[in-house]
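The first residue of the sequence shown is numbered 1, and numbering continues consecutively from there. The structure presented is a predicted model; accordingly, all values stated were derived computationally and were not measured.
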Amino acid sequence: MKKRLFSIAVAACAALSPAAAQAKDEWPTDTVKIIVPFTAGGTTDIFARVIGDHLQKTFGKPFIIENVPGAGSVSGIAQVARAKPDGLTIGIASTSGLAINPLLRPDQIPYKPLKDLIPVAMFDRVPNVLVINQNKLNVKTVPELIEYLKKNPGKVAYGSSGVGTSQHLAAELFQQMTGTKMTHVPYPGSARMITDMIGGQVALTFDNVPLLLPHVQGGKLTMLATATGKRAAFDEKVPAVAEFLPGFEAVAWHGFVAPAGTPNEIVQKLSAEVQNCMKKPETIKKFSELGAEALAMNSKEFADYIAAEMDKWKVVIEKANIVVK
């Protein structure tokens, strides 16, 4: 159904008036605004500026960043969905805004991901990693952790940056696939959770590698595995959880979206240049330094990926009975 809606949205762009056809041929005709649904200075903002600089140099028009944080990225994405579909307003969206929040809070999200937005190009994945406080959990491998959890149901506390976040859902997926039970301790953000984890208040977390790596390198925390489908490029010595639990994957990701109704020719033109940017060695290096895997996924592939992610997390959310009020 999601794929069919996407196809309808794309087909709707085909019937263009002569004036509209001329406009899309000349695109971009003016400054292009990139809405980033997170605060300035964060990794997503940096990603947007790297790609925006490439687009500006390629197309010869300004590509400016507008940061619209709030409501777990929903505020910014909603602004993209409401924008005029002329290709002059595009945005960046992530796992939470496209594949998780619409499932957790369907009545509170003012857009339908694959109806009100057109996926343009997915450009990265940011690995979540399974990290423990070894003073609280004396295990060295994922199989040892699973064995310990089965012997001690409910006794191990894991932290997340909030109910319904990617960290929370990663841990729920892990429990569902292993038949184990842990106690969830949600925090208002990752910073406080990591501080408490180092202090021993919680023993385990799945969180983004850029946040956890400094503490792992400093010896305060221990990384058991990545939550990627295969070993992550940032350190191929670290095993993936999927090596022990085939099919396990819980990563953050980002991509460009445009308002529904944006001419398909503009979407494809923009998508091609985002992909070209992501294939540049300097882009790959920059993203790797920030803990992300550079990708070059086209519009249809991105739409299919969003649909698959929504299907996966819908099962996890329903099985765990996760409710966000």
Side-chain angles (χ1 to χ4, degrees), residues 2 33-52 64-83 89-128 160-170 186-191 193 206-211 250-260 274 287 290-292 295 297 302-303 305-310 312-314 316-317 322-325:
K2 301 185 184 89
K33 179 166 61 178
I34 301 174
I35 294 177
V36 177
F38 301 101
T39 55
T43 53
T44 308
D45 182 66
I46 294 171
F47 295 154
R49 293 177 192 278
V50 169
I51 301 172
I64 62 170
I65 306 298
E66 180 177 328
N67 297 94
V68 185
S73 81
V74 169
S75 298
I77 299 172
Q79 187 166 317
V80 177
R82 294 192 301 266
T89 299
I90 58 177
I92 287 179
S94 65
T95 325
S96 59
L98 293 182
I100 295 178
N101 281 325
L103 298 174
L104 287 169
R105 300 182 287 148
D107 297 333
Q108 302 173 40
I109 304 301
Y111 57 83
K112 302 293 184 185
L114 293 174
K115 179 181 178 183
D116 300 324
L117 296 160
I118 296 178
V120 174
M122 181 170 154
F123 61 78
D124 81 349
R125 272 193 292 253
V126 182
N128 281 344
S160 80
S161 60
V163 174
T165 59
S166 62
Q167 301 96 324
H168 178 198
L169 296 187
Y187 286 82
S190 289
M193 182 269 293
F206 286 86
D207 209 332
N208 295 160
V209 65
L211 298 173
V251 298
W253 43 263
H254 302 88
F256 278 92
V257 293
V274 172
F287 274 55
L290 293 168
L295 296 176
M297 190 177 288
F302 188 21
Y305 189 88
I306 294 168
E309 284 282 278
M310 292 182 75
K312 177 176 74 175
W313 294 124
K314 184 175 187 290
V316 173
I317 288 165
I322 299 171
V323 177
V324 176
K325 298 180 180 179

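The side chain to side chain donor-acceptor pair (under 3.5 Å) check on Glu309 picks up Trp253, Lys312, Trp313, with sequence neighbours excluded. With sequence neighbours excluded, the residues forming a side chain to side chain donor-acceptor pair (under 3.5 Å) with Tyr187 are Asp196, listed by chain and number.
Of all heavy-atom pairs spanning Thr89 and Ile35, the tightest one is CG2-CD1, 3.9 Å. Here the closest heavy-atom approach between residue Ile77 and residue Ala93 is recorded as CD1-CB, 3.7 Å. For the pair Val324 and Gln108, the tightest heavy-atom approach, listed with the atom from each and the gap, is O-NE2, 4.3 Å. In terms of heavy atoms, Pro37 sits closest to Gly76 at CB-CA, 3.9 Å. The two residues Pro119 and Ile306 have their closest heavy-atom pair at CG-CD1, 3.9 Å. Taking every heavy atom of both residues into account, Ile118 and Pro259 meet most closely at CD1-O, 3.9 Å.
Sorted by first and then second residue, the ring-ring contact (aromatic ring centres under 6.0 Å, His included) pairs with a member in residues 91-119 form an empty list; sequence neighbours excluded.
At least one side-chain heavy atom of Val74 sits less than 4.5 Å from a side-chain heavy atom of Pro110. Inter-residue side-chain proximity for Ile92 and Thr44 is flagged as met; some heavy-atom pair is nearer than 4.5 Å. The shortest side-chain heavy-atom distance between Leu98 and Leu117 falls under the 4.5 Å cut-off. A heavy-atom distance below 4.5 Å is not found between the side chains of Asn67 and Thr39. Here the side chains of Leu169 and Ile322 are in contact, with some heavy-atom distance below 4.5 Å.
If you take CZ on Arg49 and CD1 on Ile65, they are separated by 5.5 Å, rounding to the nearest 0.5 Å. Once rounded to the nearest 0.5 Å, the distance linking CD1 of Ile46 with CD1 of Ile51 reads 12.0 Å. With values rounded to the nearest 0.5 angstrom, Thr95 atom OG1 is found 12.5 Å from Met310 atom CE. Of the inter-residue distances, the one linking Asp207 atom CG with Ser190 atom OG reads 3.5 Å to the nearest 0.5 angstrom. Separating the CG atom in Leu103 from the CD1 atom in Ile109 is a distance of 9.5 Å, to the nearest 0.5 Å. Separating the CG atom in Leu295 from the NE2 atom in His254 is a distance of 11.5 Å, to the nearest 0.5 Å.
A donor and an acceptor atom, one from each side chain of Asn208 and Asn128, are located under 3.5 Å apart.
The aromatic rings of Phe47 and Phe287 sit parallel to each other, their planes meeting at less than 30°, with 60° as the upper class boundary.
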